[in-house]
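Notes to accompany the following structure.
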Amino acid sequence: MEKFITHTGTAAPLRRSNVDTDQIIPAEYLKRITRHGFEDGLFGAWRKDSDFVLNQPAYQGVSILIAGPDFGTGSSREHAVWALQDFGFKVVLSSRFADIFRGNSGKGGLLTGLVDQADIELLWAAVEANPALEVTVDLDKREVRAGALTATFEVDDYVRWRLMEGLDDIGITMKHGDVIAEFEAKRPAFMPTTA
Amino acid sequence: MAKTLAEKVWEAHVVRRAEGEPDLLYIDLHLVHEVTSPQAFDGLRATGRAVRRPELTLATEDHNVPTTDILKPIADPISKAQVDALRANCAEFGVPIYSLGNVEQGIVHVVGPQLGLTQPGMTVVCGDSHTSTHGAFGALAFGIGTSEVEHVLATQTLPLKPFKTMAINVDGDLPVGVTAKDVTLAVIAKIGTGGGQGYVLEYKGSAIRALSMEGRMTVCNMSIEAGARAGMIAPDETTFEYLKGRDRAPAGAMWDEAVAYWSTLPSDTDAKYDAEVFIDASTLSPFVTWGTNPGQGLPLTANVPSPADAVDETDRVAIENALEYMGLTAGMPLRDIKVDTVFVGSCTNGRIEDLRAVAEVLKGRKVAPGMRMLVVPGSVRVKHQAEAEGLDVIVKDSGAEWREAGCSMCLAMNPDKLAPGERSASTSNRNFEGRQGPGGRTHLVSPAVAAATAIKGHLAAPADL
């Protein structure tokens with residue numbers, strides 16, 4: 001996984017609350033068995049509307065999504081994270097994320113920064129006034145900087161460390177194989193098996 | 001220190017705990033299906049890793065399987081590719097699988113419990129958010145993403161941060177005609193789609209105790225729709241009775257040992273929850289959703305809300321968007337909403353008791369002219385049992401279709417879907433925009449309300465017949 005320290009890019013305002021993962025990537029795209037190429041399905045239904053923010057010429061090439069509260073609710077599909085990343089997003093900012101989506105993002109290397117709704121409103125106003133505004137997301141300092149505006153964001157300490165080191169979760173766990181084996185030896189015999 | 005059910009199960013599964021790191025939790029049962037697993041198996045191949053415990057892993061085909069002509073090759077090439085990939089991956093990595101045509105095939109969250117694989121005190125995961133279903137047994141069960149699927153396949157563990165706990169107390173007697181589905185829709189409407197975020201919900205109280213295991217599964221199933229990772233119900237005699245004699249349940253001396261352990265799991269009486277919610281069961285009535293998230297629900301007797309009723313600007317926009325998408329007028333009675341499709345099935349309401357509730361209403365009646373009604377059993381076993389009880393005949397005599405097992409129109413990944421503008425009453429769990437087909441409109445309801453709606457042609461309860 002690539003290390004994430006800071007990222008600078010342009011940002012798109014998504015003024016909607018409760019954006020569920022069915023909206024982020026509709027179920028029809030889940031039939032694929034590959035890990036890449038989901039960018040065409042991102043916000044599939046909304047992208048058919050030429051007014052949708054990501055269809056507007058001013059917001060082409062964005063890499064930061066500034067979303068309304070409760071982003072990523074609903075289905076656990078990790079394709080939602082892949083679709084955002086395949087489209088070019090490195091960061092999603094919101095005042096509230098659904099748990100599973102946030103967990104999936106951390107594992108996949110997509111930064112989800114928790115920002116106060118008041119700051120989200122300011123960021124929305126700033127990138128709407130100037131879509132070309134450079135926005136910097138500084139994971140080291142947990143800061144978003146956009147022009148004169150500086151907002152802080154929350155991110156889990158452990159996720160932050162992993163993202164900054166670019167570490168793979170499974171590799172970290174496999175170092176503890178002996179501890180897992182010890183635990184397994186003590187599991188009650190009445191527990192079921194599938195074989 | 002006094003502990004809740006969720007805390008007891010968590011503590012019993014900590015493999016490794018270190019300051020500043022998530023706990024490493026052991027996973028007792030990992031359920032796998034065709035949609036969220038191919039990329040995980042690919043990851044294992046790419047890194048040369050094996051499946052650590054294939055015998056604690058079980059795969060079934062459910063999300064995009066057809067519900068007609070199941071023994072012919074799957075017509076949709078993409079669905080076929082996913083199912084083929086699952087079969088090949090299971091063969092390569094030694095994972096047991098129940099494929100189409102196998103008597104144990106069905107929706108993953110129906111299959112686990114009916115085999116007796118889901119037991120109190122276990123940790124159960126699956127790459128599907130409705131894994132919360134298994135919490136009905138007092139298991140800590142939650143949905144995971146594909147990276148986590150790969151993690152569990154490789155290590156049989158997951159690094160996790162502890163959840164907070166929320167008690168949902170539902171006390172009193174449910175009025176006649178009010179079901180587990182109505183309880184869960186009322187809970188979600190009360191706490192909101194984000195109300196459970198970061199929490200494990202524990203459903204308690206006399207109304208929950210009075211539910212059957214299948215009713216409890218319906219309630220726990222939809223915990224995710226309130227934003228919670230998991231929902232749990234403490235194991236009791238109802239739980240033990242359900243499990244006893246099932247294929248994978250312990251037997252003989254092992255059974256006694258297991259019951260003794262399971263009996264220690266209920267939350268201590270002085271255990272503290274991070275949050276508590278109280279609901280008076282006697283005030284509940286059949287509940288339906290009118291909007292585009294499961295929290296947008298009201299009693300069937302109510303009217304469609306107006307943006308003017310919104311508590312804030314975000315809510316106002318949400319109501320406005322929902323009414324527009326759903327093609328509804330503020331203030332109209334919910335009962336006046338005409339429906340052209342009824343779907344009975346899914347991991348929420350695709351079990352035998354659900355099918356019995358539907359058949360009881362349909363018996364001797366016909367569905368409304370032009371109504372399309374699909375009845376899709378949650379598993380092959382459920383289908384066989386329903387057929388043994390003659391439920392299929394009642395369903396077919398009413399003019400409804402009797403299908404093979406699978407997820408079907410709950411998420412419309414197979415050919416069962418709504419056309420743009422079509423409107424369903426559905427016993428499933430999500431009424432998101434396009435969930436049952438692009439442009440389709442969904443009202444979530446209980447099986448009894450679904451059946452009554454099919455007969456009347458508009459949202460209705462059995463009492464309306």
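Protein chains get the first letters and strands the later ones, always in sequence-line order, with residue 1 at the start of each.
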Do B/Leu56 and A/Arg187 have side chains that approach each other closer than 4.5 Å (heavy atoms only, starting at C-beta)? yes
Go through the structure and list residues passing side chain to side chain donor-acceptor pair (under 3.5 Å) with A/Gln56, not counting sequence neighbours. none
Region of B/Val35 in contact with chain A, defined by heavy-atom distances below 4.5 Å: both
Check step by step if side chain to side chain contact (heavy atoms under 4.5 Å, CB included) holds for A/Ile180 and B/Arg53. CA-CA 12 Å; A/Ile180 300 172; B/Arg53 299 294 300 271; over 6 Å; no
Counting only heavy atoms closer than 4.5 Å, note whether B/Ala412 contacts chain A via side chain, backbone, both or neither. neither
Quick check on the interface: out of A/Ile33, A/Asn104, A/Asp168, who has the most heavy-atom pairs with chain B under 4.5 Å? A/Ile33
Side chain / backbone / both / neither for B/Leu24 at chain A, heavy atoms under 4.5 Å: side chain
Is any side-chain heavy atom of B/Thr146 less than 4.5 Å from a side-chain heavy atom of A/Trp82? yes
Would you mind checking which part of B/Asp28 comes under 4.5 Å of any heavy atom in chain A, side chain (CB onward), backbone (N, CA, C, O), both or neither? both
Kindly determine whether A/Lys107 and B/His151 satisfy side chain to side chain contact (heavy atoms under 4.5 Å, CB included), including the steps that lead there. CA-CA 10 Å; A/Lys107 290 180 198 311; B/His151 200 120; 5.7 Å; no
Under 4.5 Å between any side-chain heavy atoms of B/Thr47 and A/Ile170, yes or no? no
Top contributor to chain B contacts, counting heavy-atom pairs under 4.5 Å, from A/Pro188, A/Ala189, A/Pro26: A/Ala189
Test: A/Arg16 and B/Glu433 ion pair at under 4.0 Å: yes
B/Val15 side chain near A/His176 side chain, heavy-atom distance below 4.5 Å: no
Is there a side-chain contact between A/Arg102 and B/Gln197, using heavy atoms and a 4.5 Å cut-off? no
Would you say the side-chain atoms of B/Arg229 pair up with the backbone N or O of A/Ile100, donor to acceptor, closer than 3.5 Å? no
Tell me, do A/Pro192 and B/Met122 make a side-chain contact under 4.5 Å, heavy atoms counted? yes
So, do A/Thr173 and B/Thr157 sit near enough that their side-chain heavy atoms are less than 4.5 Å apart? yes
Tell me, out of A/Asp156, A/Val81, A/Ile172, A/Asp157, who's got the most heavy-atom pairs with chain B below 4.5 Å. A/Asp156
As a quick check of understanding, evaluate side-chain hydrogen bond (donor to acceptor under 3.5 Å, both in side chains) for B/Thr193 and A/Asn18, giving each step before the final call. CA-CA 8 Å; B/Thr193 54; A/Asn18 258 298; 3.1 Å; yes
For B/Asp247, is it the side chain, the backbone, both or neither that has a heavy atom under 4.5 Å from a heavy atom of chain A? neither
Regarding A/Arg35 and B/Asp42, does a basic nitrogen lie under 4.0 Å from an acidic carboxylate oxygen? no
Between B/Arg430 and chain A, which part of the residue has a heavy atom less than 4.5 Å away: side chain, backbone, both or neither? side chain
What part of A/Trp161 lies closer than 4.5 angstrom to a heavy atom of chain B: side chain, backbone, both or neither? neither
Using a strict cut-off of less than 4.0 Å between a Lys/Arg side-chain nitrogen and an Asp/Glu carboxylate oxygen, indicate whether B/Lys417 and A/Glu28 qualify as a salt bridge. no
For B/Phe142, which atoms come within 4.5 Å of any heavy atom of chain A: side chain, backbone, both, or neither? neither
B/Thr36 vs A/Glu78 side-chain heavy atoms within contact, under 4.5 Å: no
